[in-house]
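Order of the sequence lines fixes the chain letters, A, B, ..., with proteins taken first and strands second; residue numbering starts at 1 for each chain.
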Amino acid sequence: MFYRENGQFKSSYRADLALFPIAQDRWAMLLLAAICFVAVPLLVSDYAFRAVLIPFLILSLAAIGLNILVGYCGQISLGTGAFMAVGAYAAYNLQVRVEGMPLVLSILGGGVAAMALGVVFGIPSLRIRGLYLAVATLAAQFFIDWFTNRVKWVTNDSPSGSVGVRTLQMLGYEFNTPVQKYLLCLCFVVVFGFLAKNLVRGAIGREWMAMRDMDVAAAVIGIRPVYAKLTAFAVSSFIVGVAGALWGFVHLGAWEPAAFGIEKSFQLLFMIIIGGLGSIAGCFFGAAFIVLLPLLLNYVPHWLGLSISTATASHLEHMIFGALIVFFLIVEPHGLARLWSTARQKLRLWPFPH
Amino acid sequence: MAVASIVGGASIAQAQTAEQFVPLLVYRTGQFAPLGIPWADGKQDYLKLVNARDGGVNGVKLTYEECETAYDAAKGVECYERLKTKGSGASGFDTQSTGITFAVTDKAFVDKVSVETPGYGLSQSSDGTVFEWNFPLLGTYWTAADVMMQDIAKKEKGNLKGKKIALVYHDSPYGKEPIALLQKRAAAQGFELSLFPVTPPGVEQKSTWLQIRQQKPDYVLFWSAGVMTPAGIREAQASGYPREKIYAIWWAGSDHDVKDIGAGAKGYNAITIHNSSAKDKVQDDLKKIVYDKGQGTGPADSIGSLAHTRGMMISMLQVEAIRAAQEKYGKGKAMTPEQVRWGFENLNLTADKLKALGFGEIMRPVKTSCANHMGDDWARIVQWDGGKWELKSDWYQSDKTYIDPLVKEYSAKYAKDKNIKPRAC
């Protein structure tokens, strides 16, 4: 009914290959973009920007990066926090050491540094896979934790090992208000979201998925495993590095190595598993679930007018959150993205299901 | 409605009469919960006491809301954002964490909210010309390290040349803060400083203490918190390192840190930013006016414990800043965060005032100024005798010949990094 594509004929290859082949989808996406770029900045409070929307956007971006590696190429990684840290620290060093470095360039530079590290730690993936690879990427996590904590040069000789960024500035334009910061993050997410979506639809994405589904068969039909796996590591850690730089620069402003600890890696892995492996939209669902749900659970006692102690609320939050994760994975092991596509399928046939 | 409320910053109906809002960032869960719970109880209890006993500050009722950070910087930032504009505006944030202090300091400049970090935070932020919104009242990690070294020097009859001092620290900004000062002192006094970082949360310290047993340092400075503290003391006990030679920072010197170890921790020294073992009128008032009516925040037996007293003291400083602001900007009115900042900057807690507040035995007089946001730092050493804390030294003040140049150097660096033009004071 709502998603019926009757009468929508594709008369060219271009139309056939469009990102959103169904007109309803195109309109929905345009509407969503309008809401994000116009309506949200006009309506939403500072608190929602700084505490909800900005972390949500940045973690969605990081989840996209991780999903390319895990969801599309099948290389399990537990080093996401480390790649984020490299992005953040590299971007920080570019800002500190290069006078007048534009903000966007240093954030992208952070991505490039993370990409380099990602490729290095991706090399073991040529020999090992699955859980064994997860343990190898864990080494990246521990190494970077150690490195950022101990090597003074990385933190510009900060006495406490904690670093802070200067004003966010680009070509004389400053990003001060939450709205400006939100729009900056949104631009990054939109651009990288489209790039990622197109990459996974293209030849390279097919190679990744072939590697994921059965690497021997993929090699037999002429896909080079080295190329496919290392590009997946490179693209993934580039995006994750950019997200890390944004997390440090835009969200926290000042950070210590603990901000990119192993919990971040796990958190991102949960995001893509709950959101849906091998789905770009799933990254957003997963990030929303992990970022928003705890906040929401935190507020529920307030709305109900219950005065329970802070500690109890916090424990309850963890329990309910855990239970919901289990529940969702039982209902739909393929993640929230799959639920969403099932819903769309049902809408397409409604009201005459067969 | 649910969504509207989250989008609208969860603004709950604002008060009609004059009310002063105090945000309470706490960690009742996570790795530091044993320290965080009595601390949080103390902070809230004192506000309750002021409301119940005095009817607020000159008639202005204190309102408050807790927000759980679990010592996590990202959660702390969320709490800060949530509470900074609530009610009359946040009177000041006691962030309870060095990491959160770092993250919040940059935002406080913009939002114009005070950050109150008694005994922790950024040591260089005592320079009020650069850090207009930070108040590391009563002392910093640099003054603490300095006092510890003074006490050690006294034991060694003034000569530390060739001595070996080890710093066992929580490997985080919190644990690293004293290093700069200790290095300065080591260079000047000729002792050898060795550093032993412990990976948080610090449950596993076996290798650290084995190394210490090998190197036999003359003293160990112990920058620990939460679960790391009892684990460290037990390892010291197991490896036979004398507890009398351990000097712990104030966060590692609470009752719960040593109580379970009992005699095994006998001789363990800790520095206190206030007169830890002392009780005064404020605790009696709290018991009589709040706890006996069943309105206490925590269990009654935590009254008088170190962390609880410290929580009360921190809230007292907050309340006195509000009172000082009211004296300038109008009694009986709710103060804006900027006015409260003025109060923090013009605190003058004389001995008489402290006595009247019921803190006379607990702390020493403090006076802040535009250039000096720390006020006066006083600290002393206490020792665990196996069953209770005993005062071991008189009050010390840090040696300004070491502290001041360091504060200048690091605050100048900060000002340069952040393009801040220092104020003239």
Side-chain angles (χ1 to χ4, degrees), chain A residues 40 43-55 95-96 142 145-146 149-150 155-167 169 176-178 247 251-259 261 263-264 291-292 294-296 298-300 302-303 309-315 317-318, chain B residues 1-2 5-12 24 26 28-30 33 36-37 40 65-68 70 72-75 77-82 84-85 98-99 101-107 110 122-124 141 171-177 179-180 197 199-200 297 406 410 413-414 417-419:
Chain A
V40 167
L43 294 174
V44 172
S45 73
D46 277 8
Y47 166 75
F49 278 126
R50 290 163 86 158
V52 181
L53 290 174
I54 291 176
Q95 285 269 293
V96 173
F142 292 138
D145 268 357
W146 171 86
N149 242 323
R150 296 284 193 288
T155 55
N156 198 17
D157 296 319
S158 140
S160 57
S162 158
V163 298
V165 285
R166 298 174 199 183
T167 43
Q169 197 177 1
N176 284 330
T177 64
W247 187 256
H251 182 51
L252 294 178
W255 69 93
E256 48 179 308
E263 298 82 26
K264 252 278 104 59
V291 174
L292 301 184
L295 282 178
L296 209 68
N298 210 312
Y299 274 107
V300 167
H302 263 297
W303 291 328
S309 83
T310 323
T312 318
S314 168
H315 293 310
E317 181 194 315
H318 282 120
Chain B
M1 190 226 114
S5 162
I6 216 176
V7 170
S11 56
I12 290 167
L24 299 174
V26 300
R28 290 176 182 275
T29 62
I37 293 169
E65 183 179 323
E66 275 194 359
C67 185
E68 171 69 28
D72 175 65
K75 275 196 184 160
V77 168
E78 192 270 321
C79 284
Y80 166 84
E81 296 293 345
R82 192 193 309 177
K84 72 181 180 196
T85 52
T98 307
T101 308
F102 275 105
V104 164
T105 294
D106 289 350
K107 297 177 197 288
V110 184
L122 292 148
S123 300
Q124 66 269 36
Y141 291 133
D171 199 0
S172 68
Y174 152 65
K176 286 180 194 167
E177 274 288 321
I179 296 175
T199 311
T297 316
L406 212 55
Y410 280 99
K413 182 165 181 268
Y414 186 88
D417 279 355
K418 302 270 173 185
N419 285 329

Chemist: How far does OG1 of B:T85 sit from OH of A:Y47, to the nearest 0.5 angstrom?
Modeler: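 The OH atom of A:Y47 is 10.5 Å from OG1 of B:T85, to the nearest 0.5 Å.
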Chemist: In terms of heavy-atom proximity below 4.5 Å to chain A, should B:V26 be classed as side chain, backbone, both, or neither?
Modeler: side chain
Chemist: Considering only heavy atoms, which portion of B:V110 lies under 4.5 Å from any heavy atom of chain A: side chain, backbone, both, or neither?
Modeler: neither
Chemist: Side chain from CB out, backbone as N, CA, C, O: work out which of these in A:W247 comes under 4.5 Å of a heavy atom of chain B, or both, or neither.
Modeler: side chain
Chemist: Looking at OG1 of B:T98 and CD of A:E256, how far apart are the two atoms once the value is rounded to the nearest 0.5 Å?
Modeler: 8.0 Å
Chemist: Top residue by heavy-atom pair count (under 4.5 Å) with chain A, among B:V104, B:T29, B:V77, B:L24?
Modeler: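 The residue among B:V104, B:T29, B:V77, B:L24 with the greatest pair count is B:T29.
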Chemist: Both conditions, 6.0 Å and 45 degrees, for the charged tip of B:R82 above the ring of A:Y299: are they met here?
Modeler: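 The answer is yes; both the distance and angle limits are met.
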Chemist: State whether A:R150 and B:D171 are salt-bridged, where the test is any N-O pair (Lys NZ or Arg NE/NH1/NH2 against Asp/Glu carboxylate O) under 4.0 Å.
Modeler: yes
Chemist: Got a second to check how far B:C67's SG is from A:N298's CG, nearest 0.5 Å?
Modeler: 6.5 Å
Chemist: Could you tell me whether the side chain of B:K107 and the main chain of A:G253 form a donor-acceptor pair under 3.5 Å?
Modeler: no
Chemist: Please look at B:D106 and chain A and tell me whether the side chain, the backbone, both or neither of the residue comes under 4.5 angstrom of a heavy atom of that chain.
Modeler: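 Just the side chain, heavy atoms under 4.5 Å.
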Chemist: Which bit of B:Y414 comes within less than 4.5 Å of chain A, counting heavy atoms only: side chain, backbone, both or neither?
Modeler: neither
Chemist: Between A:N176, A:L252, A:V96, A:V163, which residue shows the highest count of heavy-atom pairs closer than 4.5 Å to chain B?
Modeler: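 Looking at each option in turn, the highest pair count goes to A:L252.
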Chemist: Is a side-chain N or O of B:K176 found less than 3.5 angstrom from the main chain of A:S162, in a donor-acceptor match?
Modeler: no
